[in-house]
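Input: a single structure, listed below in structure tokens.
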Amino acid sequence: QVQLVESGGGLVQAGGSLRLSCAASGRAFSTYPMGWFRQAPGKEREFVAAISRTGGTTDYADSVKGRFTISRDNAKNTVYLQMNSLKPEDTAVYSCAASTRIYVPRTTGQYDYWGQGTQVTVSS
């Protein structure tokens with residue numbers, strides 16, 4: 001079992017940056033591939049980025065590739081999402097998730113534990 005708490009969301013102008021953090025409590029954080037997802041009003045939750053247990057493999061949605069960077073610090077039980085060149089269409093609630101799979105999943109059904117989410121709003 002792992003508990004996840006996101007932080008770092010807020011209001012930013014288009015072109016700006018934010019860094020989201022997801023702190024995990026519980027055992028064996030380093031054994032979980034981690035992912036970030038987002039959900040905009042009226043839309044389904046969508047994949048943003050994911051990272052392997054060691055951090056050696058990352059995966060990104062095409063819409064954020066080159067602008068967002070996922071990373072993790074297993075010593076701090078934390079995963080990060082650095083978001084640069086933000087656009088109004090990035091506005092959403094961002095949630096982190098932990099998976100018990102050994103690969104790096106992209107779909108919500110492959111993640112087992114979820115945080116409550118943090119709001120990111122990008123103004124034009």
Side-chain angles (χ1 to χ4, degrees):
Q1 189 83 12
V2 62
Q3 293 78 44
L4 304 172
V5 178
E6 302 93 339
S7 61
L11 174 64
V12 63
Q13 288 188 331
S17 298
L18 282 174
R19 188 175 84 153
L20 305 183
S21 299
C22 172
S25 60
R27 300 193 304 171
F29 170 75
S30 63
T31 68
Y32 297 107
M34 298 294 296
W36 284 97
F37 291 77
R38 66 187 182 186
Q39 187 168 20
K43 295 188 177 181
E44 292 189 353
R45 182 177 283 175
E46 65 174 0
F47 170 76
V48 176
I51 190 167
S52 62
R53 292 175 290 182
T54 63
T57 299
T58 56
D59 187 21
Y60 296 93
D62 288 344
S63 59
V64 306
K65 200 171 292 183
R67 300 188 297 123
F68 291 10
T69 302
I70 188 171
S71 61
R72 67 189 297 162
D73 186 338
N74 286 341
K76 295 183 178 180
N77 282 9
T78 302
V79 62
Y80 304 98
L81 185 67
Q82 177 67 44
M83 306 186 295
N84 298 330
S85 302
L86 282 161
K87 305 174 181 180
E89 51 264 43
D90 294 318
T91 295
V93 174
Y94 284 71
S95 300
C96 66
S99 174
T100 57
R101 277 65 172 176
I102 62 172
Y103 52 89
V104 182
R106 274 187 158 234
T107 60
T108 57
Q110 294 171 309
Y111 283 84
D112 303 280
Y113 306 105
W114 291 83
Q116 292 297 310
T118 185
Q119 176 71 47
V120 171
T121 303
V122 184
S123 63
S124 57

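Quick note: numbers below take in every heavy atom, side chains included, and nothing from hydrogens, waters or symmetry partners.
Nearest approach of Pro105 to Pro33, heavy atoms of both residues: CD-CB, 4.1 Å. Listed here is the closest heavy atom pair of Ser124 and Pro88: CB-CG, 3.8 Å. When all heavy atoms are compared, the tightest approach of Tyr94 to Val48 is CE2-CG2, 4.3 Å. Across all non-hydrogen atoms, the minimal contact from Val2 to Ala24 is CG2-CB, 3.8 Å. In plain terms, the two heavy atoms of Tyr113 and Leu4 that are nearest each other are O-CD1, 3.5 Å.
Here Tyr111 pairs with Phe37 under the ring pair (Phe, Tyr, Trp, His ring centres under 6.0 Å) rule; sequence neighbours left out.
Within the model, atoms OG of Ser17 and CE of Met83 stand 8.5 Å from one another, a figure rounded to the nearest 0.5 Å. Between the SG atom of Cys96 and the CD1 atom of Ile51 there is a distance of 12.5 Å, given to the nearest 0.5 Å. Of the inter-residue distances, the one linking Leu81 atom CG with Thr118 atom OG1 reads 11.0 Å to the nearest 0.5 angstrom. The distance from atom SG of Cys22 to atom CZ of Arg72, rounded to the nearest 0.5 Å, is 9.5 Å. In this structure, the separation between OH on Tyr32 and CZ on Arg101 is 12.0 Å, given to the nearest 0.5 Å. Taking OH from Tyr103 and CD from Gln110, the interatomic distance works out to 4.0 Å, rounded to the nearest 0.5 Å.
Cluster membership for Val64 and Val12, using ILVMFWY side-chain heavy atoms within less than 4.5 angstrom, is shared. Val104 and Met34 sit in two unconnected hydrophobic clusters of ILVMFWY residues. Membership requires side-chain heavy atoms under 4.5 Å apart, directly or through other members.
Phe47 is not listed as a side-chain neighbour of Thr108, based on a closest heavy-atom distance of 4.5 Å or more. Side-chain contact between Asn74 and Arg53: absent, with no pair of heavy atoms (C-beta onward) separated by less than 4.5 Å. Proximity of Leu20 to Tyr80: side-chain heavy atoms (C-beta onward) are nowhere separated by under 4.5 Å. Residues Arg45 and Trp114 form a side-chain contact, since some pair of their non-hydrogen atoms from C-beta on lies under 4.5 Å apart.
Taking a cutoff of 4.0 Å between a charged side-chain nitrogen and a carboxylate oxygen, Lys87 and Asp90 do not qualify as a salt bridge.
Of the candidates Leu11, Val120, Asn84, Val120 is the only one forming a side-chain contact (heavy atoms from CB on, under 4.5 Å) with Leu18. Of the candidates Glu6, Glu46, Glu89, Arg38 forms a salt bridge (Lys or Arg N to Asp or Glu O under 4.0 Å) with just one, namely Glu46.
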